[in-house]
Amino acid sequence: MAVADTTAAPLQQPPALPGLARALIAAGKLEQQAAEAVYRKAQSTGQTFIAELTGSGAVSPAEMAHTLATTFGVPLLDLDAIDPQRLPRTLLDGKLCQKYRVVALAKRNNRISVATADPSDQQAAERIKFATQMGVDWVLTEYDKLSRLVDAQSTTAAETMDSLIGDDFQFDDASLDMGLAGDEDKAASAEVEDAPVVKFLHKMLLDAFSARASDIHFEPYEHNYRVRFRIDGELREMAAPPVAIKEKLASRIKVISKMDISEKRVPQDGRMKLKIGPERVIDFRVSTLPTLFGEKIVIRILDPAAARLGIDALGYEPDERARLMDAIKRPYGMILVTGPTGSGKTVSLYTCLNMLNKAGVNIATAEDPSEIVMPGVNQVNVNEKAGLTFASALRAFLRQDPDIIMVGEIRDLETADIAMKAAQTGHLVLSTLHTNDAPATLTRLRNMGIAPFNIASSVILISAQRLARRLCPNCKQPLDLPKQNLLDAGFTPADLDGTWQPYRPVGCSACNEGYKGRVGIYQVMPISEGIQNIILADGNAVEIGRQAQAEGVRSLRQSGLLKVRLGMTSLEEVLAVTNQ
């Protein structure tokens, strides 16, 4: 007689929240569940709890400061009322200030007054006490103002570069993954190891990561040199170092990216890594381009944590998410993600792969190059010079007993044909195309030479997407627009009957000109029987789009307008990234 197992499954223990979170919960300023969610997100992204909390908008910095001042009995100081130039800069080490986000205010006898936004941080207090051999008196300030002051007190990149020109120094960049193999590479590394660009490059990489930039541009011109970060989709100039460093900076980047340091006439591609903390490693994809006045270098920041955020963080509406989840659970067929370069297609694909990545599933990907390293997935870098094309990689995959195949991009008929056949023979295939919207993708495949029957029988879903800047929750303000303007933008009269109101960007210390982060705008179109019939009849994109609308599929513009109604983004942003 079988005996049932009555052992209860252990309950998942809630995370051990920091003292700051417990204080805000006790004061009624933060819910327990919200605090736990922010703490888990901070753990996954490598941010501090207070940075993630203020960034989420759950508690404003001013409200937090007043609450903590009362709770801990700590004096409250408005940093706007003091002159930063008169603050002592030698009492605390700059790295200590950066790590714990503190600023020394004054010294009296054997005690030091230190500005903080988190008086519960005992580790910071002990480190400061050990470093200074003085007692610590906390002075509470607002986190956003304190962060600005900490960053302002640290030497700027341009100032660092000016002070280093002509000086020799040793910089421990062991956190950079050199990956150098041969003696020639080691010799080239030694040539630039003592160059003044080492510290500058390291700071640029860290600054870009802290600013949540997606790309870093190093651009040489005839009389100047500039460094720009792409933040929330927009390029912003961050530093203007002397033009004399361009050769050494290019050499330094090429050495640690495993490129040919002597080749300056043709474009090159490489990768490097930067270790952020004990367990966080960030990948960088590097590309060089010969220009009139030197090599322009673009570094793409590839954060593996982005693919693990989950589908809810990408911005899919519930009905769109349900369609996508239904498609990726299918045993075979093709799912296509479309959109321009930089629209988040790779993150969307890897988010799906992350959900499908199980011990009993064989997943293979072919990319040019692989952007996000995912354990458990067999990733292949396309190398056309060596004969490893998308098509040849796909043929090899089919001999490797795959369950799921991801192709970085369908560029030609041969790749499309093999991918279609794989989708028809029991494999789930994910890939991307560069088209304006979902209906146009089907006609693009037809124009490539794929037979209508193969398209109709293999493609199961197409998701077109764009990225729009997300309004800052701390400073966005309601915007009054004439009703006709809203109708011209694409809203229907029924949409205007509700109580919602559009918002406009303002700008504050916590955001970039009124925007903070980005949100996806999607057109998720399952290939229904009605759409299949149009494909088989060799119909055009207009007919397919009309049928999709009848089946409840929103266009990109309609999805963007829904984000406007929900207060996520502004109308001008949606009009800029979508077509009517």
Main-chain N/O of [Y] paired with [X] side-chain donor or acceptor, under 3.5 Å:
| X | Y | result |
| --- | --- | --- |
| T578 | L575 | no |
| D283 | K273 | no |
| K41 | L53 | no |
| Q532 | A456 | yes |
| S147 | Y143 | yes |
| K345 | G339 | yes |
| S343 | R466 | no |
| T443 | A440 | yes |
| E36 | Q33 | no |
| D495 | T492 | yes |

Donor-acceptor pair between [X] and [Y] side chains, under 3.5 angstrom:
| X | Y | answer |
| --- | --- | --- |
| D488 | Q484 | yes |
| E320 | S559 | yes |
| T432 | E409 | no |
| Y515 | R470 | no |
| Q501 | D480 | yes |

So, [X] and [Y], do they make that salt bridge, N to O below 4.0 Å?
| X | Y | answer |
| --- | --- | --- |
| D80 | K145 | yes |
| E317 | K563 | yes |
| E219 | K296 | yes |
| R300 | D215 | yes |
| R411 | D368 | yes |
| D118 | R101 | no |

| task | Go through the steps to decide whether V286 and D269 satisfy the test side chain to side chain contact (heavy atoms under 4.5 Å, CB included), and finish with yes or no. | result | CA-CA 6 Å; V286 185; D269 293 302; over 6 Å; no
Which distance, rounded to the nearest 0.5 Å, do you find between the [atom1] of [X] and the [atom2] of [Y]?
| X | Y | atom1 | atom2 | answer |
| --- | --- | --- | --- | --- |
| L289 | F218 | CG | CZ | 15.0 Å |
| I301 | R285 | CD1 | CZ | 12.0 Å |
| F491 | L571 | CZ | CG | 6.0 Å |
| I462 | M525 | CD1 | CE | 4.0 Å |
| I297 | I299 | CD1 | CD1 | 7.0 Å |
| M374 | L353 | CE | CG | 6.0 Å |

| query | Does S348 have any side-chain hydrogen bond (donor to acceptor under 3.5 Å, both in side chains) partners at least two apart in sequence or in another chain, and if so, which? | reply | Q465
Beyond-backbone contact of [X] with [Y], side-chain heavy atoms, under 4.5 angstrom:
| X | Y | answer |
| --- | --- | --- |
| M64 | L24 | yes |
| E142 | L79 | no |
| L471 | S570 | yes |
| P526 | V553 | yes |
| I282 | L302 | no |
| Q558 | Q523 | no |
| S463 | L336 | no |
| V227 | H217 | no |

| By side chain to side chain contact (heavy atoms under 4.5 Å, CB included), which residues pair with H66, not counting sequence neighbours? | L76
| task | Kindly determine whether M355 and I328 satisfy side chain to side chain contact (heavy atoms under 4.5 Å, CB included), including the steps that lead there. | result | CA-CA 9 Å; M355 291 186 286; I328 66 173; 3.7 Å; yes
| request: Could you give me the CA-CA distance, side-chain angles and deciding distance for Q547 and E551, then say whether side-chain hydrogen bond (donor to acceptor under 3.5 Å, both in side chains) is met? | output: CA-CA 6 Å; Q547 177 65 26; E551 295 174 1; 2.7 Å; yes
| message | Could you work out, with ring-ring contact (aromatic ring centres under 6.0 Å, His included) as the rule, every residue matching Y316, not counting sequence neighbours? | response | Y522
For the student: nearest non-hydrogen atoms of [X] and [Y], plus distance:
| X | Y | result |
| --- | --- | --- |
| V574 | G560 | CG2-O, 3.4 Å |
| T141 | A65 | O-CB, 4.0 Å |
| A35 | L30 | CB-CD2, 3.5 Å |
| T54 | A51 | OG1-O, 3.2 Å |
| I410 | S431 | CG1-OG, 3.2 Å |
| T441 | T435 | OG1-OG1, 2.8 Å |

| task | Check the pair R228 / E234 against salt bridge (Lys or Arg N to Asp or Glu O under 4.0 Å), numbers first and verdict last. | result | CA-CA 10 Å; R228 294 192 292 174; E234 285 195 342; over 6 Å; no
| task | Would you please test R504 and E572 for salt bridge (Lys or Arg N to Asp or Glu O under 4.0 Å) and show each step? | result | CA-CA 9 Å; R504 67 179 179 89; E572 62 180 346; over 6 Å; no
| Test side chain to side chain contact (heavy atoms under 4.5 Å, CB included) applied to V407 and L430, step by step | CA-CA 6 Å; V407 185; L430 292 79; over 6 Å; no
| request: May I have the step-by-step check of side chain to side chain contact (heavy atoms under 4.5 Å, CB included) for I405 and T365, ending in yes or no? | output: CA-CA 6 Å; I405 297 172; T365 74; over 6 Å; no
| said: Looking at N436, I want to see if its CG is surrounded by more than 12 non-hydrogen atoms of other residues, nucleotides or ligands under 6.0 Å. | reply: no
| query | Is atom CZ of R446 surrounded by more than 12 heavy atoms (other residues, nucleotides or ligands) closer than 6.0 Å? | reply | yes
